[in-house]
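Letters A, B, ... are given to chains in the order of the sequence lines, protein chains preceding strands, and every chain is numbered from 1. The structure displayed is predicted, hence computed values, not measured ones.
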There are 2 protein chains.
Amino acid sequence: MTLIETLRRDILAGTIPPGSLLMQTELAARFGVSRIPVRDALQALAAERLVTVVPGKGARVIRLGPQELAEVYDLRILLECDLIHRAARRTTEAQRDEAAHVLARSDLEAGRPGWEAGDRAFHMSLYAPAERPRQIALVHELRDTAALHLAQYQVLAENTSRWLDDHHQIFNAWQAGQAASAAALLAAHLTAARDHLLQLVTAQMR
Amino acid sequence: MTLIETLRRDILAGTIPPGSLLMQTELAARFGVSRIPVRDALQALAAERLVTVVPGKGARVIRLGPQELAEVYDLRILLECDLIHRAARRTTEAQRDEAAHVLARSDLEAGRPGWEAGDRAFHMSLYAPAERPRQIALVHELRDTAALHLAQYQVLAENTSRWLDDHHQIFNAWQAGQAASAAALLAAHLTAARDHLLQLVTAQMR
DNA sequence: TGGTCGAATCGTGTATACATGTATACACAA
DNA sequence: TTGTGTATACATGTATACACGATTCGACCA
């Protein structure tokens, strides 16, 4: 696994928490390389909005406040609802089979560590028919930002049943080509996720 | 002016056309610096989606096809209409005065070289009340991508009157707090711009 | 004459070395 | 005791040097 992949994984998993200061010299020593590839990796992570490079200071893992996180989720709602709306009217049978398969797999991972990957795979399988690579890349970035902050908290398993039910409802509407319905269900689903995270963050700040 | 600013300006102005291959060694010699700052600058431009870094090959200025440009404009419509809708209900008097001032200034530049800056300033002044820094940054990136491709063609002045009229209509609705109306007018405005560019691009490809 | 193999050249990737700016800690003065 | 100034240490920014890979040109062979 390459340097940038390792750093990205550790940041997204919360191993390197938000606000951490990443020092080139330390990383270079730890990975047994010079500082140049480390600089490249940090700039690449900055391109993905996972860290912010402060000139002469180093790279800091992003740490967003409630307002900024709310904006991230609002952007996700805007972009993901548009994607599912576009996609629902263009699905092929192979794509429907694929999405059903991904949904079944994500059911098994629900609540278990690494559930975020399954959740993302399911959502992305719904968006694939839209054929909007740039928009999908943006959604990945926004989801990375959210995942990075979610990893700080051990997400409760109490809402997983509601969460699973949402997924099945969204999938059914999507599969049936009911674009407006799928988009509305997705909006409610993401809004609930937004409110949940904001509740955690504001509770943390007290 | 710093290295990255110079490169960005030349790319956006079309001086370095889409598809150009930027070589580290050549840029280093031209600017009288070593290759390290050049690498940094190219990676920073890659973060803004202005170039794509091909490992072992160099950095290439992006060149989008009709389908990708259409996606960029659709994303702009999605994000900018949401911004104007959020902003129109939260304007302060100072912001309305500021936008009117920017509109008057952009009127004078219409059709003249550099009109894109005035157009962007006007639109951004409308979005400012929304207080969505990340969303606004995304719009800037998307507008950069569009500007880079628009710079290839000498934009005709025949549509400027229609274009100016659009701006005044959008401004009036925005100023009056008519969010839905402003968003609808903006959507039509941007759709026209999209179709115009796509027409130029497809005509070029023959 | 066309194709293929090989060598040379060019450009990037990386390591090492030096310069610059910043943060921190300590000492001294108010 | 507190604030400021300076010195030291450290991290980043940059230049130079070397290694690897790719591409291209040429030569040789079929």
Colleague: Starting at NZ of A:K57 and ending at P of C:dA23, how long is that distance when rounded to a whole Å?
Modeller: 6 Å
Colleague: So, does A:R60 use its side chain to make a donor-acceptor pair with the main chain of A:L21 at under 3.5 Å?
Modeller: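 No, A:R60 side chain to A:L21 backbone: no donor-acceptor pair under 3.5 Å.
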Colleague: With rounding to the nearest 0.5 angstrom, report the CG to CD distance, A:L142 to A:E80.
Modeller: 8.0 Å
Colleague: Using every non-hydrogen atom in the two residues, find where B:R76 and B:A146 come nearest and quote the distance to one decimal.
Modeller: NH1-CB, 4.0 Å
Colleague: For A:Q152, does the CD atom sit with more than 12 other heavy atoms under 6.0 Å from it, leaving out its own atoms?
Modeller: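 For A:Q152, atom CD is crowded (more than 12 foreign heavy atoms under 6.0 Å).
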Colleague: Rounded to whole angstroms, how far apart are CG on B:L3 and C1' on D:dA15?
Modeller: 15 Å
Colleague: Strictly below 4.0 Å, heavy-atom distances to any atom of DNA chain D: list the hits from residues 19-43 of chain A, or just say none.
Modeller: A:L22, A:M23, A:Q24, A:T25, A:R35, A:R39
Colleague: What's the shortest heavy-atom distance between B:S125 and B:W174, and which atoms?
Modeller: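 For B:S125 versus B:W174, the nearest heavy atoms are O-CZ2, 4.0 Å.
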